[in-house]
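Written out below as structure tokens is the structure these notes cover.
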Amino acid sequence: MRHPLRGFLIGPLAVPLAYWLGGLVYVGLRPDLHLDGSQALRELLSIIGFGLPVAYLAALVLGLPALYLLRRLGWLRAWIVIVAGALAGTIVALCVAASQQGSLFLVRLPVPAGAALGALAGAVWWWAGQGRAERHDASDRPR
């Protein structure tokens, strides 16, 4: 991975967007629920307001140490980063569920959804951290 910082900055952005899209699909499948454009936008802003800090905190506390460890062990591969993301997402889902005991407003984040969102964040982190290979011609070499 050439640009882990870029991956760290972009990867967590996918989480609230995917959560919101999943919610739209859920509402679309339920004939008793309706959501207009302004409600969908309010939902997106609410999810970003709550979910983005959580996603970046998880990336900072769980993702960066995992990435560092994987790099030190020589195990830095796309599928391993995705699995590590899924594990981090599972941990976040469990922490969210535990922190909401007795809460008035609940954020629904089932463990499988947390794992899927974490895996997505890991995949986007890997993709964004790759970067293009630089091409060097023979004339570019120092003399």
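Separation of atoms CG (L57) and CG (L52) is listed at 11.5 Å; rounding is to 0.5 Å. Rounding to the nearest 0.5 Å gives a distance of 8.5 Å between CG of L117 and OH of Y19. Here the CD1-CD distance, from I48 to E43, works out to 11.5 Å after rounding to the nearest 0.5 Å. Atom CG of residue L45 and atom CH2 of residue W20 lie 9.5 Å apart, to the nearest 0.5 angstrom. In this structure, CG in L109 is found 9.5 Å from OG1 in T90, a value given to the nearest 0.5 Å. A distance of 9.0 Å separates CD1 of I82 from CG of L120, quoted to the nearest 0.5 Å.
Criterion: ILVMFWY side-chain heavy atoms under 4.5 Å apart, direct or through other members. Under it, L87 and V124 are not part of a common hydrophobic cluster. Linking ILVMFWY residues whenever their side-chain heavy atoms come closer than 4.5 Å, directly or via other members, leaves I91 and V111 in distinct clusters. Hydrophobic clustering, with ILVMFWY side chains joined whenever heavy atoms are under 4.5 angstrom apart, keeps V83 apart from Y68. V25 and V15 fall into different hydrophobic clusters, defined by Ile, Leu, Val, Met, Phe, Trp and Tyr side-chain heavy atoms under 4.5 Å apart, directly or through other members. Hydrophobic cluster membership is shared by W126 and Y56, with clusters built from Ile, Leu, Val, Met, Phe, Trp and Tyr side chains linked at under 4.5 angstrom.
The two residues A59 and F8 come nearest to each other via the heavy atoms CB-CE1, 3.6 Å. Listed here is the closest heavy atom pair of L67 and P4: CD2-CB, 3.9 Å. For the pair A128 and G7, the tightest heavy-atom approach, listed with the atom from each and the gap, is CB-CA, 3.9 Å. Closest non-hydrogen pair, Y26 versus L33, comes out as CE2-CD1, 4.1 Å. Heavy atoms only, all atoms of each residue included: P16 and G51 are closest at CG-C, 4.4 Å. Here the closest non-hydrogen pair linking A93 and G114 is CB-CA, 4.0 Å.
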List, one per line, each side-chain donor-acceptor pair under 3.5 Å for residues 72-80, sequence neighbours excluded.
none

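Legend: residues meeting side chain to side chain donor-acceptor pair (under 3.5 Å) with S38, ordered by chain and number and at least two apart, are D36.
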